[in-house]
Amino acid sequence: MSTQLSSGALEAINDGQQIDKPVFQLLALKKLNPAASTNTTVDRYRIMLSDGVHNNTAMLAVQLNQMVADGQLEPNTVICLDRYVCNKLAGNRRVVIILELTVVAPGSQVGGKIGNPIALPLGGGGGSNGQQAPALQHTPQQPMRAGASPMGVAKANSFPGAGGSFNKQGNYGGAGPSTGMMSPPKQAQPISSLTPYQNRWTIKARVSNKSSVRTWSNSRGEGKLFSMDLCDQSGEIRATAFKEQCDKFYDLIEVGKVYFISRGTLKTANRQYTSITNDYEMTFNNDTTMVPCEEEDDSIPTMQFDFRTIGQLEDMNKDAILDVIGVVKSASDVTTITTKTTNRELTKRELHIIDDSSKVVTLTLWGNEAEKFDGTSNPVIAVKGARLSDFGGRSLSVLMSSTLMINPDIPRAHHLKGWYDTVGHTQDAQSISEQRMGAGAGANSNWLTLEEVYSQNLGQGEKPDYFTTKGTIIFMRKENSMYMACPSSECNKKVSDNGDGSYHCEKCGKDYPDFQYRLLLSANVADPTDTQWTTCFQETAETILGMKADELGRLKLEDEQAFNHVFEKASFESYVFRMRIKMESYNEEARLKCTCMSVKPIDVKEQSKKLIMDIRTLAAA
DNA sequence: CCCCCCCC
């Protein structure tokens, strides 16, 4: 294989020269041991690069870790550095951090080491420019942020200007009179090189997201804060400003703008709360300064994503915060919900997004973002920092701290749109969120036979289990299938007959002149493997019996034969049942209680689809 | 020093 390496490029880069898209051979890759003091969850890789003449170590930016996981960076692989930065270390030594790369030839094809490289001599190089101008950089549209910001739509562009609050040196922050120290520094170091072990540093970063000001009060005290996401070519970091710093900086920071930032406190990040790829996060302190960068610098990206495919979400933990991108296959209307604890009214909209893993997931938008969203023409949506929940299998929710972009101008978005328009829209894609439609054939609706429900010990845990099954009603208890219930809406408690034409509700503590019938039907469901008793309340029982509760109550009183006939007619009908099963105790006796949550007639087309999928899965296994 | 982010 004749692969040309960029001979001499390592030396030139180390001398501070700018080399566009050099081609190197990767000789070795090593996962670094995390520092003992950090509970890091992000792996870092050091690699040995060769240009055929010299070899030298380099670091892989963490956003490329997936390539290691995918086995794309085996030894001997020839790679092109599409984007990199070169950092100056002590002793004039420089280290290359690779930000984007393309595999030119896989290691297995190359076979062995090219040339006979020797270690690059240390201490050479007197170049003055610590940072290479990177190759072409995408500058996507500003993020749209409708929901969280008090400013409404397009938060990125709509903050009031900095209002001239920076002083005439262009400085802000820091104590005491201005000194020459505070003019915009010539040297900025990459965000990826920040650690808690140095305190004099300056970064040049774009603010990609900014929270609103929030107050807190707990046992440890109270205060206010806001946080922001910062990024440069090398990576990203989250920064938080508390109390005084919150007041000092909040109005001055505009999303989308580039700043020189120096002297914050770095601490280990808790990755549980953010999708920002960094082991550390920054807290502003008294010495922190932020200087706006006056000239626009296109080399600094507006946002860094670390997208998961929708297929990958199935293997991730609940509550993970992640970046996702997909084509909006469909969108629900806006609906209103009331929060449990605070009784606030909230609007939401559910999107079904698909990507080229051919999986669909439900993504919930809230508030303004839900209301403003336009799903016509199947836009691409990218979310930085969405939360994964396990509702209905797997689903996603946009948070206040998330950034949402519609049709972002990034390669992955263009790729997905092209994929969707050509093949994606025809795909028989499975949702990893439960479908509220059809036969509930979502991949995670936990389809089980009744024998499996038994053998898998469903309902034995602390929380109830849910399953979906196709079965036939073989018997129903006519007796006690309905009761006289409180007529007030939402009560539904059983009332007692006072014998004087009035009825007493224990729960409401009131007498009523009438009552309403409600259904509480015990049904025995059978499938080819087993049977299961289940309790069907009002709506499910009405579906099964094909009659409203009050009508059935009337029949019971007036026409026993017709009443009996309703049950005969309803027997031996088959449905798709959604069940909730849980161990409960009655009179100190534990027994499994199975409640029917929903019952749907069998949709032959949906069922067939599911069977075809099942066969495919079996065939693939 | 926050870390809540809603509903089925």
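All chains are named by letter (A, B, ...) in the order of the sequence lines, taking the proteins before the strands, and each is independently numbered beginning at 1. What you see below is based on every heavy atom in this structure, not just the backbone, and it leaves out hydrogens, waters and symmetry mates.
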Quiz item: Is the shortest side-chain N/O distance from A/Arg271 to OP1 or OP2 of B/dC3 below 4.0 Å?
Solution: no

Quiz item: Counting N and O atoms only, with roles assigned by atom type, does the side chain of A/Asp229 sit under 3.5 Å from a partner on the main chain of A/Ser208, one being a donor and the other an acceptor?
Solution: no

Quiz item: Which part of the nucleic acid does A/Arg349 contact within heavy-atom distance under 4.0 Å: base, sugar-phosphate only, or nothing?
Solution: nothing

Practice problem: Using whole Å, report how far CZ of A/Arg580 lies from C1' of B/dC8. | Solution: 14 Å

Exercise. Can you tell me the distance, in whole Å, between the CE atom of A/Met282 and the C1' atom of B/dC3?
Key: 18 Å

Quiz item: Do A/Glu350 and B/dC7 share a donor-acceptor pair, side chain to base, under 3.5 Å?
Solution: no

Quiz item: Within this structure, what is the CZ-to-C1' distance between A/Arg344 and B/dC5, rounded to whole angstrom?
Solution: 9 Å

Quiz prompt | Options B/dC6, B/dC7, B/dC2, nucleotide nearest the side-chain atoms of A/Leu225 | solution = B/dC2

Quiz item: Of the nucleotides B/dC5, B/dC7, B/dC3, which has the atom closest to the A/Trp366 side chain?
Solution: B/dC7

Quiz item: Which nucleotide in the set B/dC2, B/dC6, B/dC8 lies at the smallest distance from any side-chain heavy atom of A/Thr339?
Solution: B/dC6

Quiz item: Roughly how many Å is it from CG in A/Leu346 to C1' in B/dC4, rounded to a whole number?
Solution: 13 Å

Practice problem: Report the distance from atom CG of A/Asp319 to atom P of B/dC4, rounded to the nearest whole Å. | Solution: 10 Å

Quiz item: Checking all strands, does A/Lys224 fall into the base, sugar-phosphate, or nothing category for heavy-atom contacts under 4.0 angstrom?
Solution: nothing

Self-check item: Candidate nucleotides B/dC3, B/dC8, B/dC5, ranked by approach to the side chain of A/Leu399 - the nearest
Solution: B/dC5

Quiz item: Taking only side-chain nitrogens and oxygens of A/Arg220, does any of them come within less than 4.0 Å of OP1 or OP2 of B/dC2?
Solution: yes

Quiz item: Rounded to whole angstroms, how far apart are CG on A/Leu396 and C1' on B/dC8?
Solution: 16 Å

Quiz item: Does A/Glu345 make a side-chain donor-acceptor contact with the base of B/dC6, cut-off 3.5 Å?
Solution: no

Quiz item: Is the side chain of A/Thr283 donor-acceptor paired with the backbone N or O of A/Thr240 at a distance under 3.5 Å, no angle test?
Solution: no

Quiz item: B/dC4 C1' sits how many Å from A/Ile321 CD1, rounded?
Solution: 12 Å

Practice problem: Answer yes or no: side-chain N or O of A/Lys243 and base N or O of B/dC1 forming a donor-acceptor pair under 3.5 Å. | Solution: yes

Exercise. Step through the shown structure and confirm whether more than 12 heavy atoms of other residues, nucleotides or ligands are within 6.0 Å of NZ on A/Lys494.
Key: no

Practice problem: Indicate, with a heavy-atom threshold strictly under 4.0 Å, whether A/Gln245 touches base, sugar-phosphate, or nothing. | Solution: nothing

Quiz item: For A/Trp216 and B/dC1, are the ring centres under 5.5 Å apart with planes inclined under 30°?
Solution: no

Quiz item: Think A/Ser397 has a side-chain N or O under 4.0 angstrom from the OP1 or OP2 of B/dC6?
Solution: yes

Practice problem: Flag the pair A/Glu606 and A/Lys600 as a salt bridge only when some basic side-chain nitrogen lies within less than 4.0 angstrom of an acidic carboxylate oxygen. | Solution: no

Practice problem: Mind listing the closest non-hydrogen atom pair of A/Phe226 and A/Gln245 along with its distance? | Solution: CE2-O, 4.4 Å

Self-check item: Closest listed nucleotide, where the reference is the side chain of A/Arg387 and the choices are B/dC6, B/dC1, B/dC8
Solution: B/dC6

Quiz item: With sequence neighbours left out, what residues match A/Lys204 under salt bridge (charged side-chain N to carboxylate O under 4.0 Å, His left out)?
Solution: A/Asp297

Quiz item: Within this structure, what is the CD-to-P distance between A/Glu222 and B/dC4, rounded to whole angstrom?
Solution: 17 Å

Quiz item: So, does the side chain of A/Arg238 form a donor-acceptor pair with the base of B/dC3 at under 3.5 Å?
Solution: yes

